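Written below as structure tokens is the structure these notes are about.
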There are 2 protein chains.
Amino acid sequence: MATIKDVAKEAGLSVSTVSRYLNDHPYISEDKKSRIKEAMRVLDYTPSSIATQLRSRKSKTIGVIVSRITNPFFSYLVDAIEKKAVQSGYRVLIMQTYDELEAEKNCLEMLKQQVVSGLIMCSVESDIEAIKDYQKFGPIVLCNEKVSDMTIPQVVTDQEQATFEGIEYLIEKGYKKIAYCTGGNFEVDGHGSTRTKGFERAITLNKQTFNKKWIFQRVHTISDGRKIVNQLSQLPTNQKPDAIFANSDEVASGIISEMLDLGYQIPLDLAVIGFDNQPFTSMLSIPLTTIEQPVEALGIESTNLLLSLIDGKKYQINDNKLKLKLIERESV
Amino acid sequence: MATIKDVAKEAGLSVSTVSRYLNDHPYISEDKKSRIKEAMRVLDYTPSSIATQLRSRKSKTIGVIVSRITNPFFSYLVDAIEKKAVQSGYRVLIMQTYDELEAEKNCLEMLKQQVVSGLIMCSVESDIEAIKDYQKFGPIVLCNEKVSDMTIPQVVTDQEQATFEGIEYLIEKGYKKIAYCTGGNFEVDGHGSTRTKGFERAITLNKQTFNKKWIFQRVHTISDGRKIVNQLSQLPTNQKPDAIFANSDEVASGIISEMLDLGYQIPLDLAVIGFDNQPFTSMLSIPLTTIEQPVEALGIESTNLLLSLIDGKKYQINDNKLKLKLIERESV
DNA sequence: GTGAAAGCGCTAACAA
DNA sequence: TTGTTAGCGCTTTCAC
């Protein structure tokens, strides 16, 4: 591989002139410019990104932390982030945690090791203080994860309110025994707790029955959804919920699918409301009623915010498109 | 940020000794080891990955090229690749091309710039010679993309045969006018051409009608599937196909969904066979008959192969799990 | 066992 | 406008 030194020699110039050319510095004569260009062509030269990074102390790579890329919500998020980042000359390192704290710590280390110059966390397992510890190594933006500490930049929607409205929608439709699923832990702050607050507010405000057996924690996949139905079917008939709020369309479709397999009817035996509005949900055998997340806007705003932070600039998040929306279909 | 120099000073040793410790060299006294460990702890030291890379000339990052991460086939592939890579101490840079040659070229440049030490191409737009040009900068593995040139390492399934069997399955079921979708160009070699060969072989062998109007090229998404139905409905009744082979489950579900919206029945008015067996396909209103791809095995084998190549070792691909499989459901 | 020193490929003062 | 030079943080001879 040719180096900047080879190019300088070939062009009969110094490395600094070549470096200036590479970095679009002013004050280079047209004559030298063309000699450098020619030398680069002859030697098939490309600057070593690694060397540039070491010297200039910036990596032009951002890291994106997701729990599972196979969750369509995350793949659409990564899609939006990647497009925006590439537009701005950045690359995207993708890191999956599978909800494991240890894995997330390793991702945060990437910031310390200067592998990435910034981080977008689309899922978070660590507590706030742990994340704050890493902020000194580079900007960290939380995407779709709300924390009360406003010193951590975050791009969020009002999931508390949307969940509240989703639960009220069930209540208005006449359902009285509402089950609830979360990806995190019900009592503990952290993953999913914003939505849980909305759920509790709606239940309390409307004086609905609350039953601990109707709460499902740490559920994520289609298969988790199926398991919920199996647990539900153990319950005595008078203790069965008549509706369930699922924390993702994957969980919701697992629930519906298992219910149908067991010969039940949806929404007659159980109304199901999902979260995300993933592309396939309108085509399911029971088209899914769900809460749409503005996934593209979330990705774009997070990336804009992070890149501004990397450049030490201010960025005003555009809230207009960060709205959740209830999509009424046939599962409720 | 503390550097190796700071650690050396803190421990009262030379940088070379610290470097040796970092690289698990033999011949360091236990005494010094603990002094170094302590100094690292005190200074909260982490080696700069960039500097290590520059000096040791290896990047510990692999690049993965996909056309669109939102296609579940690719997100599951990336999932498998990422897990395997992380296990081996590598990171994954994700790059989307959206089937654009220009974007793919930029990805290949990452290899030349030494940003990545190897590349897995899960989609390819460039011609073989262009890819071969980049092999001198690092190993490139094709994943699920077959080319005749065996000097390019590739991990593939027998898509020609699976497509052949898929078409024969339609014929056995009594369908006589079979339409065909491909992500690439029908006549041209390249993306999708292996499957096309299987299609042509089955049609010819069984003396089936072939109609150019039943061929759909460069289709990828659900919305592309819907458009196909719109084109189909322009055809005079006696020229309409009675079955269609879709190149992905996304295209297949778009076709089915649009047909149903238009009041047609599946498979009565049109039998549809998909490709991939994505998780949601069994839960669609018309459960999809499709060809399952061994996506996890493809990801794992590609990664094993690439990492071996990076280390200059041989790797024998394990073909056992690289089998395609027809999943019979209700859309045929 | 340990240290001194050269240098990976590049950028950016500082001089000229 | 251009060149000289000192590093960025690390690894790796080579000497002791």
Side-chain angles (χ1 to χ4, degrees), chain A residues 1-37 39-40 43-61 89 109-117 137-138, chain B residues 1-37 39-40 43-61 89 109-117 137-138:
Chain A
M1 282 290 296
T3 72
I4 196 172
K5 233 172 161 173
D6 301 323
V7 175
K9 195 182 289 171
E10 175 75 23
L13 294 166
S14 73
V15 287
S16 35
T17 308
V18 178
S19 172
R20 284 192 192 96
Y21 173 81
L22 257 22
N23 295 283
D24 291 321
H25 270 257
Y27 315 132
I28 311 180
S29 63
E30 286 307 320
D31 161 48
K32 316 267 148 121
K33 273 189 193 169
S34 58
R35 270 161 65 190
I36 293 170
K37 216 185 220 159
M40 285 173 49
L43 297 169
D44 192 26
Y45 168 78
T46 306
S48 155
S49 165
I50 296 295
T52 310
Q53 284 175 51
L54 176 61
R55 184 58 233 229
S56 63
R57 339 212 79 251
K58 42 184 178 256
S59 89
K60 284 284 176 188
T61 303
E109 282 294 312
M110 295 289 125
L111 199 58
K112 190 173 174 192
Q113 291 172 24
Q114 302 162 62
V115 174
V116 296
S117 42
F137 304 119
Chain B
M1 281 291 297
T3 73
I4 196 172
K5 232 170 158 176
D6 301 322
V7 176
K9 194 182 291 173
E10 175 76 23
L13 295 165
S14 72
V15 288
S16 24
T17 307
V18 178
S19 173
R20 284 194 191 94
Y21 173 81
L22 257 21
N23 295 284
D24 291 321
H25 270 255
Y27 312 133
I28 310 180
S29 62
E30 286 306 321
D31 161 48
K32 315 267 148 122
K33 273 189 192 169
S34 58
R35 269 161 64 190
I36 293 171
K37 217 189 223 157
M40 284 174 50
L43 298 169
D44 191 25
Y45 168 77
T46 306
S48 155
S49 165
I50 295 294
T52 311
Q53 284 175 52
L54 175 60
R55 184 57 229 232
S56 62
R57 339 213 79 248
K58 41 185 176 251
S59 90
K60 284 285 178 187
T61 303
E109 281 294 313
M110 295 289 123
L111 198 59
K112 189 171 174 194
Q113 292 171 24
Q114 303 164 59
V115 174
V116 296
S117 42
F137 304 118

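Every value quoted in this text rests on a predicted model; they were computed, and no experiment measured them. Note on naming: letters A, B, ... go to the chains in the order of the sequence lines (proteins, then strands), and numbering restarts at 1 for each one.
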- Taken to the nearest whole Å, NZ/A:K5 to C1'/D:dA6 is 14 Å
- Message: Quick check for you: among D:dT1, D:dG9, C:dG9, whose closest atom lies nearest to any side-chain atom of A:I4?
- Response: C:dG9
- Query: Whole Å only: how far is the CD1 atom of A:I50 from the C1' atom of C:dG7?
  - Reply: 17 Å
- Message: Please check this pair: side chain of A:S59 against backbone of A:S117, looking for a donor-acceptor N/O pair closer than 3.5 Å.
- Response: yes
- Checking A:I28, A:V7, A:N23 against A:V18 for side-chain contact (heavy atoms from CB on, under 4.5 Å), the one that qualifies is A:V7
- Item | N/O (side chain, A:S29) to phosphate O (OP1/OP2, D:dT2) under 4.0 Å | yes
- Query: For the pair made of CG in A:D24 and P in D:dT1, what is the distance, rounded to whole Å?
  - Reply: 15 Å
- Compare every heavy atom of A:A8 with every heavy atom of A:V15, then report the nearest pair and how far apart it is. N-CB, 3.7 Å
- Expressed in angstrom and rounded to an integer, what is the separation of B:Q113 atom CD from C:dC8 atom C1'? 17 Å
- Taking CG from B:L22 and C1' from C:dT2, how many angstroms apart are they, rounded to a whole number? 16 Å
What are the atom names and distances for every N/O pair under 3.5 Å that joins the protein to nucleotides 12-16 of chain D?
none

- Task: May I have the distance from B:M1 (atom CE) to D:dC10 (atom P), rounded to whole angstrom?
- Result: 8 Å
- Answer yes or no: does a side-chain N or O of B:K32 lie under 4.0 Å from OP1 or OP2 of C:dT2? yes
- Query: Through what angle, rounded to 10 degrees, does the axis of the helix from C:dG1-D:dC16 to C:dA16-D:dT1 turn between its ends, using five pairs per end?
  - Reply: 40°
- Do B:L54 and A:Q53 come within less than 4.5 Å of each other through their side chains, counting heavy atoms only? no
- Query: Does B:Y21 reach the side chain of B:M40, with side-chain heavy atoms less than 4.5 Å apart?
  - Reply: yes
- Under 4.0 angstrom, heavy atoms only, what part of the nucleic acid is A:L54 near: base, sugar-phosphate, or nothing? base
- Locate the shortest heavy-atom distance separating A:Q113 from B:T46; write the atom from each residue and the value. CG-CG2, 3.3 Å
- Is the backbone of B:S14 close enough, under 3.5 Å, to the side chain of B:S16 for a donor and an acceptor to pair up by distance? no
- Item | B:K9 NZ - C:dG3 P separation (whole Å) | 15 Å
- Given D:dT1, D:dG3, C:dG1, the nucleotide with the shortest approach to the side chain of A:S14: D:dG3
- Between B:L13 and B:I36, what is the shortest heavy-atom contact and its length? CD1-CG1, 3.6 Å
- Would you check if B:F137 and A:M1 make a side-chain contact, meaning some heavy-atom pair closer than 4.5 Å? yes
- Send over the distance from B:L13 CG to C:dA4 P, rounded to a whole Å. 11 Å
- Would you mind reporting whether B:T52 and B:L22 have side-chain heavy atoms less than 4.5 Å apart? no
- Message: Both B:I28 and B:R57 contact DNA chain C. Taking the nearest nucleotide for each, which residue is further toward the 5' end?
- Response: B:I28
- Message: What's A:Y45 touching, base or sugar-phosphate or nothing? Going by heavy atoms closer than 4.0 Å.
- Response: sugar-phosphate
